[in-house]
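Please read the structure below before turning to the comments.
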Amino acid sequence: MGVRFVMYLAAIATGVLFGLKSSQNNFIIKNRNIIQIVVLLSLLFIMGIKIGMDDAVIQSFVAIGYKAVLIGVFAILGSLLAVISIKRFIRGGDVK
Amino acid sequence: MTLMILSSIAAGIIIGMLTHPFWIQNFATLFIDIGTILLLIMVGISIGLNSSVFEQIKSIGLKLLLMPLAVVVGSIGGAAIGGYLVGLPFNEAGAVGAGQGFYTITSIILATHSNQLSTIGFIANLTRELASFIFIPVIAKKLGYLETIAPAGSTSIASALPIISRSTDAETVVIAFITGVICTALVPVLIPLILNL
């Protein structure tokens, strides 16, 4: 995972630099939405196959789903509490 | 788009269940790595093309960076607590929380760790995105404008932004967008880091 962390960081940095330096007429810039969709859907399809082949995951799908929804709800609550606690530093005494 | 995403995964799961194509195991991780890198380059390009974000950060000041920091720390902490309640190790639950609603990238990155965690990452972050659509208008009315950015997380750069815009004011929209950009860039960086803890 350490190598992946560096690869992912480098990929984003490469993209940002490319976006800053390239013109709007560049082939990749012009077609980035379609490239993104094709790559994304292919990846999700492969990921789906991996999940479908994993009998343990398929058999416990409902139990996994319940855990996942709970974690999602707690992630929302955690971020909400954190934003409430720092809000005054950004907008002073504003009500909103 | 959501329908296309769900259809792709559903088609993959059904094919995986019915045909068990074991040959795919040999190259799935390599394919996911290459595809993820391509996808992240595209995310980076979108950030680079919105270069005005960097000027907006300057004009509002560095205190603005407290927003993405709060969203990230709160998401990871909240998910870790939720994970504790359902018996998931804190690093795995924290990594799911670090997804901040970016369910596609999160589940793809987690697939290199385990299929079960990838499924949890997908459902948890999809739940977060859908819940944010429902609750942003309520949060704006009952709690305040800045709080609407919290459930949206990284989706405040994309799908949640129109809802935030409709429910709040112009300044909040700018803060939401910048927070979304930073959160989105942090998702693929934080997930492997937290998994390693």
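A, B, ... follow the sequence lines: proteins, then strands. Residue 1 opens every chain. All figures in this text were calculated on a predicted structure; none of them were measured in a lab.
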Heavy-atom contact with chain B under 4.5 Å, split by part of A/Asp55
side chain
Honestly, the part of B/Ile139 sitting under 4.5 Å from a heavy atom of chain A is side chain
Polar side-chain atom of A/Lys50 near backbone of B/Ala111 as donor-acceptor pair, under 3.5 Å
yes
Pick from B/Gly99, B/Ser118, B/Ala152, B/Ser107: which one has the most heavy-atom pairs with chain A under 4.5 Å?
B/Ser107
Might you confirm whether atom CZ of B/Phe27 has over 12 heavy atoms from other residues, nucleotides or ligands at distances under 6.0 Å?
yes
Other residues, nucleotides, ligands: >12 heavy atoms within 6.0 Å of A/Phe45 CZ
yes
What part of A/Ser85 gets within 4.5 angstrom of chain B, counting heavy atoms only: side chain, backbone, both, or neither?
neither
Counting only heavy atoms closer than 4.5 Å, note whether A/Val83 contacts chain B via side chain, backbone, both or neither.
both
If we define contacts as heavy-atom pairs under 4.5 Å, which of B/Gly44, B/Ser114, B/Ala28 has the most with chain A?
B/Gly44
Side chain, backbone, both or neither: which part of A/Ile46 has a non-hydrogen atom closer than 4.5 Å to chain B?
side chain
Counting heavy-atom pairs under 4.5 Å to chain B, which of A/Ile64, A/Leu81, A/Val39, A/Leu70 comes out on top?
A/Ile64
Heavy-atom pairs under 4.5 Å with chain A, option from B/Ile120, B/Ile45, B/Ile15, B/Leu88 with the top count
B/Ile45
Quick one: which of B/Ile81, B/Thr19, B/Leu39, B/Leu85 has the most heavy-atom pairs under 4.5 Å with chain A, could you say?
B/Leu39
Given heavy-atom pairs under 4.5 angstrom as the criterion, report whether the side chain, backbone, both or neither of B/Ile175 touches chain A.
side chain
For chain B, which candidate among A/Ile29, A/Leu77, A/Leu17 shows the most heavy-atom pairs at distances under 4.5 Å?
A/Ile29
Does one hydrophobic cluster hold both B/Ile14 and B/Met17, with members joined at side-chain heavy-atom distances below 4.5 Å?
no
Run the numbers on B/Leu195 and B/Leu117 for side chain to side chain contact (heavy atoms under 4.5 Å, CB included), then give the verdict.
CA-CA 11 Å; B/Leu195 271 180; B/Leu117 199 59; 3.8 Å; yes
So which of B/Ile32, B/Ile76, B/Leu38 has the biggest tally of heavy-atom pairs under 4.5 Å with chain A?
B/Ile32
Please test B/Met67 against B/Ser156 for side chain to side chain contact (heavy atoms under 4.5 Å, CB included), starting from the C-alpha separation and ending with a verdict.
CA-CA 12 Å; B/Met67 271 306 283; B/Ser156 59; over 6 Å; no
Report yes if the side chains of B/Ile123 and A/Tyr66 come closer than 4.5 Å at any heavy-atom pair, otherwise no.
no
Is a side-chain donor or acceptor of B/Thr148 paired with a backbone partner of B/Ile164 at a separation under 3.5 angstrom?
no
Shortest non-hydrogen contact between B/Lys63 and A/Phe89, atoms and distance
CD-O, 3.5 Å
Can you tell me how far the CG atom of A/Leu9 sits from the OG1 atom of A/Thr14, to the nearest 0.5 Å?
9.5 Å
Between B/Val96, B/Leu40, B/Leu18, which residue shows the highest count of heavy-atom pairs closer than 4.5 Å to chain A?
B/Leu40
Top contributor to chain B contacts, counting heavy-atom pairs under 4.5 Å, from A/Ala82, A/Gly78, A/Gly52
A/Gly52
Among A/Ala63, A/Ala11, A/Ser60, A/Ser22, single out the residue with the greatest number of heavy-atom pairs under 4.5 Å to chain B.
A/Ala11
